[in-house]
Amino acid sequence: MSKHLKRLVAPDSWHITKKTNKFVTKTAPGPHDGSAIPLAVWLRDQMGIARNMKEVREIINQRAVIVNGKACRKPHMGIGVFDILSIPKIGKHYRILMNKRGRLVAIEISEEAAQTRLCKIHNKTVIHGGRIQLNLLYGANVLTDEAAYRPRDSVVVTLGSPDTGSDRFTIVDHFPFEVGNVAMVIGGRHSGKVGKIVEINRTPGSVPNRVVLEADGGARFDTIDDYVFMVGREQSVVEKWGIEE
């Protein structure tokens, strides 16, 4: 499989120059959709931490970039919305968000804030012993005894430690997928918009459910439930994170 693609067809969410070079690194398969940006492109084109692919590989081989609590060793690894990236050697920590133009942006955060991540529940199953396993959208699983969590809800979890290799997660907050709570749209033509859910229209069959949201100004818009990512109850935690326009 090809490891590169033409810059002209790169997703707009990457927000990179299109005509400086012909090709750009391609995103490897992973938990995010096609808008995920390769770590190499983020380091080189967006952040300017590396000048070329050789420097990107040197940085990654030194285990200098921590993605969601784990050291990354693959330059093609895709990073997407709500991922946490840390570069301990320079003391920088970032949260990937989506602005109102549908572009992925890196918001600098504190070391304390980088210890937790907002995750969407993709599915939940009952495993041996009667415990509940939450299958998170970005590929991790969390064990819990709480039955209140449901698919499409969001949870805030603590991240594992790259030093100990721990994969244990602890849920510290929960945002249910229900009317009255605040959500962010992460796909479609309303990408990046944040609003309060005012209506959930469930459709039988394979047709996606529709969700109607209301922005702060009172304007309403709708999208499918797969694009809805819960980000708060009465208020959005995204606003506290300093999302850019």
Side-chain angles (χ1 to χ4, degrees), residues 9 11-14 27 29-37 78-83 96-104 117-127 130-157 169 171 173-239 241 243:
V9 297
D12 292 336
S13 60
W14 293 13
T27 309
H32 296 288
D33 61 11
S35 65
I37 183 172
I79 57 176
V81 65
F82 297 116
D83 277 346
I96 305 299
L97 295 177
M98 183 173 287
N99 65 15
K100 294 181 180 179
R101 297 183 179 181
R103 295 171 177 170
L104 296 174
R117 184 184 192 276
L118 183 63
C119 305
K120 183 176 180 178
I121 301 175
H122 177 66
N123 194 15
K124 75 174 184 179
T125 54
V126 178
I127 62 173
R131 298 202 69 188
I132 296 174
Q133 177 179 268
L134 303 180
N135 312 122
L136 305 181
L137 191 62
Y138 81 105
N141 299 319
V142 179
L143 293 178
T144 180
D145 296 318
E146 178 61 58
Y149 303 122
R150 298 174 299 174
R152 298 186 180 87
D153 289 358
S154 291
V155 291
V156 179
V157 299
F169 301 99
I171 298 176
D173 209 344
H174 172 220
F175 305 135
F177 174 70
E178 59 186 31
V179 173
N181 288 347
V182 182
M184 183 179 192
V185 181
I186 59 171
R189 65 191 181 96
H190 297 296
S191 294
K193 290 185 178 180
V194 177
K196 184 172 292 186
I197 296 179
V198 295
E199 189 177 353
I200 300 175
N201 298 316
R202 291 181 168 83
T203 307
S206 59
V207 179
N209 299 326
R210 307 292 299 187
V211 180
V212 181
L213 301 98
E214 183 177 278
D216 288 341
R220 294 193 175 189
F221 58 95
D222 73 315
T223 185
I224 61 175
D225 57 358
D226 285 344
Y227 292 161
V228 173
F229 202 119
M230 304 308 301
V231 295
R233 296 186 183 89
E234 296 179 357
Q235 291 185 341
S236 167
V237 296
V238 172
E239 295 174 357
W241 292 337
I243 182 66

State the [atom1]-[atom2] distance between [X] and [Y], to the nearest 0.5 angstrom.
X: Arg210; Y: Asp222; atom1: CZ; atom2: CG; value: 4.5 Å
X: Ile186; Y: Leu137; atom1: CD1; atom2: CG; value: 6.5 Å
X: Leu118; Y: Asp83; atom1: CG; atom2: CG; value: 11.0 Å
X: Asp145; Y: Ile132; atom1: CG; atom2: CD1; value: 7.5 Å

Subject >> Cys119/Phe82 under side-chain contact (heavy atoms from CB on, under 4.5 Å): CA gap, chis, key distance, verdict >> reply: CA-CA 8 Å; Cys119 305; Phe82 297 116; over 6 Å; no
**OP:** For the pair Ser191 (side chain) and Gly102 (backbone), establish whether a donor and an acceptor sit closer than 3.5 Å, ignoring hydrogens and angles.
**Re:** no
Subject >> Pair listing, side chain to side chain donor-acceptor pair (under 3.5 Å) test, anchored in residues 192-205, at least two apart >> reply: His190-Lys193
**OP:** Answer yes or no: are there more than 12 heavy-atom neighbours, outside Glu146 itself, under 6.0 Å from its atom CD?
**Re:** yes
**OP:** Please test Leu136 against Val155 for side-chain contact (heavy atoms from CB on, under 4.5 Å), starting from the C-alpha separation and ending with a verdict.
**Re:** CA-CA 9 Å; Leu136 305 181; Val155 291; 4.1 Å; yes
Original post:
Taking it one step at a time, do Ile121 and Phe177 satisfy side-chain contact (heavy atoms from CB on, under 4.5 Å)?
Top reply: CA-CA 10 Å; Ile121 301 175; Phe177 174 70; over 6 Å; no
Original post:
Arg233: what forms a side-chain contact (heavy atoms from CB on, under 4.5 Å) with it, not counting sequence neighbours?
Top reply: Asp173, His174, Phe175, Pro176, Asn181
Subject >> Arg150 bridged to Glu178 by N-O distance under 4.0 Å >> reply: yes
Original post:
Can Leu134 and Ile171 be said to form a side-chain contact (heavy atoms from CB on, under 4.5 Å), step by step?
Top reply: CA-CA 11 Å; Leu134 303 180; Ile171 298 176; 3.8 Å; yes
